[in-house]
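A short worksheet on the structure shown next.
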Amino acid sequence: MALVAGVDSSTQSCKVVVRDAATGALVRSGRASHPDGTEVAPAAWWDALQTAIADAGGLDDVDAISVGGQQHGMVTLDENGDVVRDALLWNDTRSAAAALDLIDELGGPQAWADATGSVLVASLTVTKLRWLRDAEPENAKRVAAVALPHDWLTWRLAGHGPGTGGLDQLVTDRSDASGTGYWSPTTNDYRHDLLELGLGHDAVLPRVLGPNEAGPRSAVGARKPVLGPGAGDNAAAALALGLRPGDVAVSIGTSGVVSAVTGAPTTDGSGLVNGFADASGHFLPLACTLNASRVLDATARMLGVDHAGLSELALQAPSGADGLVLVPYLEGERTPNKPDATGALHGLRLANTTPAHLARAAVEGMLCALADGVDALRAQGVAVERLFLIGGGARSEAVRRIAPSVLGLDVLVPTPGEYVADGAARQAAWVLSGTDEPPAWSAAGSAEVFSGAADPRVREQYAAVRDLTAVRPAGL
Ligand SMILES: Nc1ncnc2c1ncn2[C@@H]1O[C@H](COP(=O)(O)OP(=O)(O)O)[C@@H](O)[C@H]1O
Ligand SMILES: O=C(CO)[C@@H](O)[C@H](O)COP(=O)(O)O
């Protein structure tokens, strides 16, 4: 039995699954936590990967491995392969002004959407490079190569690292390259001119492998498993779910993501939909919020309950929480682009100031932002017939039961699992097989269907107040 491994190096943790390459059966798994914060030393991801691999029983019997991971994070390397500074993550908003500058310099939002599939916001890597050029020019000058979290971990698994050089051995895939702001999903080419516009000079970029193209061999694991191209986390999840036309994945992790696999690229000049590539050779239009599972975490904390307690409370209050609306911009927001916004509670009355109402408002507010994302995908011509709910937040009973009324469709909840790591494992099996198509197995198993009538009032009351938010006070 050949075994493959898949990794999800996500914002909050690292997960590893080991699966049977032929059947997809889960053999074992492991995990480890990542540090908090939007600025992280990449070494912490490497340490967590080691721990998660050990927790998953090691790689000695594994023949192929692929790494999926959080998108966009800026990993800068000097010519020796040393990290120049801590990575800025996808949810770090300090480059919001740089995004606006770059948009102006290229000729407006549509110019970026046409060139790269996406209008720039602070999440995209090129804006972080511009911030680096302006705020830390000495660091910017030392940058010899730019990678993303999954590229860097793949490179480390191949035996490279601080002091080894070997920048020309960096590899990536279409899906993650498409979130940089200097790669075109339509032409499949880097735009070194846009990289230079951001960073101020050219640099080595990882070679973009095809969806089932073998990378280097891993230095970790007795059999020196072949490394797959890896993927951005959302593309990996789509590969695990085996999304078909009409299927939309709604992921509630640190980020809230609505995405679909399509045969044609999108170039949304409004910026609501990022026109990314997927991990199967197609496209992945995607709307992403900065505020999803942590809105639930924070509300549970405020109420002094755990996730189960929050869910119970939310289900005690009526749909619409008697007019209480939570706008969930706790970390600023990306979709819509409001990097300096804060969250807000609207409609407070004596009748709705209960823990149950607050819990319900948190679940509904978080889901309303995702429902806006579903609408944004529809506006780009994406068919929305089936919604798959995944990510840590999909483990919440309240989220599952309230989602149909807010999203306006039944939701399918696959057996809770690590779909990003599973998609990476499926990619590894694809690379190992050398076939044109990925292996027939999907990791989704059977999905539980949650139904319920749409309650348009919930979205109406949210739409009425979602722009009424305060800006984060200076210095905070
Ligand atoms: N039962 C639950 N209800 C609500 N949220 C949950 C539940 N279980 C886990 N979470 C939250 O899900 C998040 C982790 O999900 P995950 O998809 O792994 O995130 P990420 O990929 O961003 O690291 C955490 O914020 C965690 O608190
Ligand atoms: O920025 C995006 C997508 O564009 C996020 O989806 C990140 O890729 C982080 O994902 P999670 O850690 O929340 O799963």
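Whatever order the structure lists them in is the order used to number ligands and atoms, beginning at 1. Just so you know, residue 1 is the first one in the sequence shown, and it goes up from there.
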Can you name the closest pair of heavy atoms from [X] and [Y] and give their distance?
X    : Y    : value
S311 : A398 : OG-N, 2.9 Å
E333 : C288 : OE1-O, 4.3 Å
G117 : P185 : N-CD, 4.4 Å
P229 : G210 : CG-O, 3.3 Å
H282 : T262 : CB-O, 3.3 Å

For [X], counting its heavy atoms only, list the atoms of ligand 1 lying under 4.0 Å from any of them.
X    : result
G393 : 5 (N), 12 (O)
S396 : 1 (N), 3 (N), 4 (C)
S293 : 11 (C), 12 (O), 13 (C), 24 (C), 25 (O)
G391 : 17 (O)
S10  : 20 (P), 21 (O), 23 (O)

To the nearest 0.5 Å, tell me how far [X] [atom1] sits from [Y] [atom2].
X    : Y    : atom1 : atom2 : result
C14  : R31  : SG    : CZ    : 9.0 Å
S451 : L409 : OG    : CG    : 10.5 Å
D372 : T289 : CG    : OG1   : 10.0 Å

May I ask you to list the atoms of ligand 2 that are less than 4.0 angstrom from any heavy atom of [X]?
X    : answer
T254 : 13 (O)
Q71  : 3 (C), 4 (O), 7 (C), 8 (O)
L286 : 4 (O)
Q70  : 8 (O), 9 (C)
F276 : 4 (O)
V257 : 6 (O)
H72  : 1 (O), 2 (C), 3 (C), 4 (O)

Going through the checks in order, is the salt bridge (Lys or Arg N to Asp or Glu O under 4.0 Å) test met by E418 and R395?
CA-CA 12 Å; E418 296 303 340; R395 294 177 194 256; 3.8 Å; yes

Looking only at distance, does [X] have an N or O less than 3.5 Å from an N or O of ligand 2?
X    : value
T11  : yes
W90  : no
D233 : yes

Below the 3.5 angstrom mark, is there an N/O of [X], backbone or side chain, next to an N/O of ligand 1?
X    : value
K15  : yes
T254 : yes
D8   : no
S255 : no

Selected option - heavy-atom contact closest to atom 25 (O) of ligand 1, from I390, V363, D297, D306:
D297

With respect to atom 4 (C) of ligand 1, which of H307, R395, E397 exhibits the smallest heavy-atom separation?
H307

Tell me: protein heavy atom nearest atom 12 (O) of ligand 1, and distance?
G392 CA, 3.3 Å

Single hit among W183, F276, W90, Y182 for ring-ring contact (aromatic ring centres under 6.0 Å, His included) with H72:
F276

Validate the cation-pi geometry between R174 and F283: distance from NZ or CZ to the six-membered ring centre under 6.0 Å, angle to the ring axis within 45°.
yes

Residue-ligand contact Q12/ligand 2, heavy atom below 4.0 Å:
no

Just to be sure I read this right, does ligand 2 sit under 4.0 Å from the backbone of [X], its side chain, both, or neither, counting only heavy atoms?
X    : answer
C288 : side chain
N91  : neither
R334 : side chain

side-chain contact (heavy atoms from CB on, under 4.5 Å) with F450: which of V411, V399, L387, I402?
V411

Pick from V295, D297, L296: which one makes a side-chain contact (heavy atoms from CB on, under 4.5 Å) with T299?
V295

Indicate the ring-plane relationship of W46 and W152, choosing parallel, tilted or perpendicular according to the 30° and 60° boundaries.
perpendicular

When you look for heavy atoms under 4.0 Å from ligand 1, do you find them on the side chain of Q70, its backbone, both, or neither?
neither

Verdict with reasoning, D189 to S184, per side chain to side chain donor-acceptor pair (under 3.5 Å)
CA-CA 6 Å; D189 284 321; S184 162; over 6 Å; no

Going by an N to O cut-off under 4.0 Å, is there a salt bridge joining R386 and D410?
no

